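Predicted model only: the values in this text are computed from it and were never measured. Quick note: numbers below take in every heavy atom, side chains included, and nothing from hydrogens, waters or symmetry partners.
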Amino acid sequence: SVPAPSFDLAAADMTQVPLISLRQELPFPGKQGAETAVARAESAVAAASRASVEVSLAAAGARAYHDLSFGRSALEVWRSRLTLAEQAIAVAQVRYETGAAPQTDLLRARLRRAELQEEGRQLDAALAAARARANALRAGTTDSIATPALDAQRALAVAIVATDTARTDTLLLRDLAAGNPELRTALAEVDRAGRMARTFAIAARPDFMVELQTGVRRTGREPFVSGMVGVTVPLWSGRKQAPAARAAQLDAAAAERRYDDLAARLAGDLTGVAANLSALRERIALTTDEIIPLAEAASTSALQRYQVGGLDFTAVLDSQDDLFRARLTLARLIADYGTARARLAALVGEEWYR
């Protein structure tokens, strides 16, 4: 603060050289609280998003595990079917050598073995693909994931049907609304958008400022202490803050609609998964208790009757194929049940993997 053009500190009473200046801005009441609420809402969204990713990865890991388990069980079933094919070849060879059966029986038995060997290569490829997916999820390169053998899976299937009772649709929907990580993330985004709209709505309100300044003067005069009070005036709020506030309100309304849409879609998914689990339980029970025992008995009886000439060789091959398909179906059903159960757990937010 000096006169011009002389710049002489002694020329006027109010001249001084500022040394220290302290300035404090005071936002309009509510602005800082609104910004703090937005920051907390951002943190809540980040935490919910992390939980959602974790649950999704756990469900993907369960799917990869059950696919790997099915691949190994399928090979186990295939080996048992190949053993039956060898038995059929041996019986057909004996009957052909004794003139009790035509050569076509032996040729058809060998053809079926060749077809099974080709199918075995396909099962090997499917197992390799399942192993690769599992290793990609766990960032590993070795086949160190243990899965139960088929006999253990059959026992497990019986236990699943007996103990894993389905919850009612009302309870499932309640758990979905309370625990689904995607819904929690969407709800946190709704809260964040609402708080953001509040922040923009009050952005045009005036802020305040106070300042305290001290300065020195020459010729032995005492120092000055100056105080100032200021108010910001949003002259262009109609072109700046008001459109931003309207956009924030629209974003908040859109976040609410996205939440409602997600809730409806997830409720539909939950109903479908629950119905699929119920059907899988029934199919596992039917396959375990009836289809496989009947197929085993039919396969054994067909081979025995063919040995004494009481049955056509086509029936032997068909009965063995029926048993093979029944066992393969059971392995697939068990894998599908485990995958669907993990999907249900992910939908209702069960952290079974911890």
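At distances below 3.5 Å, not a single donor-acceptor pair connects side-chain atoms of Ser52 with backbone N or O atoms of Ala48. Checked by atom type and distance alone, the side chain of Asn135 pairs as donor or acceptor with a backbone atom of Arg131 at under 3.5 Å. In this structure, Thr98 contributes its side chain and Arg95 its backbone to a donor-acceptor pair below 3.5 Å. Of the possible polar contacts, one joining the Thr339 side chain to the Ala335 backbone as a donor-acceptor pair under 3.5 Å is found. No side-chain donor-acceptor contact under 3.5 Å links Ser278 to the backbone of Ala274. Side-chain atoms of Ser301 never come within 3.5 Å of backbone atoms of Ala298 as a donor-acceptor pair (strictly under, hydrogens ignored). Without hydrogens or angle criteria, Thr83 side chain to Arg79 main chain gives a donor-acceptor distance under 3.5 Å.
In terms of heavy atoms, Ile89 sits closest to Leu106 at O-CD1, 3.8 Å. What you find for Ala134 and Ala64 is that their closest heavy atoms are CA-CB, 4.0 Å. Annotation for Gln320 and Ser299: closest pair CG-OG, 3.6 Å, computed over non-hydrogen atoms.
By the 30° and 60° cut-offs, the orientation of the rings of Tyr306 relative to Phe313 is tilted.
Atom CD of Glu211 is surrounded by more than 12 heavy atoms from other residues, nucleotides or ligands within 6.0 Å. Environment of CZ in Arg257: crowded, with over 12 heavy atoms of neighbouring residues, nucleotides or ligands closer than 6.0 Å. Counting non-hydrogen atoms of neighbouring residues, nucleotides and ligands closer than 6.0 angstrom, the CZ atom of Arg283 reaches no more than 12 such neighbours. Environment of CZ in Arg198: sparse, with no more than 12 heavy atoms of neighbouring residues, nucleotides or ligands closer than 6.0 Å.
Rounded to the nearest 0.5 angstrom, Thr271 OG1 and Leu172 CG are separated by 8.0 Å. Taking OG of Ser73 as the reference point, atom CG of Leu330 lies at 8.5 Å (rounded to 0.5 Å).
Partners of Phe224 by ring pair (Phe, Tyr, Trp, His ring centres under 6.0 Å), not counting sequence neighbours: none found.
The other residues sharing a hydrophobic cluster with Leu235 are Val233, Trp236, where clustering joins ILVMFWY side chains under 4.5 Å apart.
Ion pair Arg72/Asp67 not flagged as a salt bridge, since none of the NZ, NE, NH1 or NH2 atoms sits closer than 4.0 Å to an Asp/Glu carboxylate oxygen. Arg325 and Asp321 are not joined by a salt bridge, as no carboxylate oxygen comes within less than 4.0 angstrom of a charged side-chain nitrogen.
Under the side chain to side chain contact (heavy atoms under 4.5 Å, CB included) rule, Leu347 has a single partner from Asp175, Leu266, Leu183, Val55, which is Leu266.
Among residue pairs with one or both ends in residues 266-275, those qualifying as salt bridge (charged side-chain N to carboxylate O under 4.0 Å, His left out) are Asp269-Arg343; sequence neighbours excluded.
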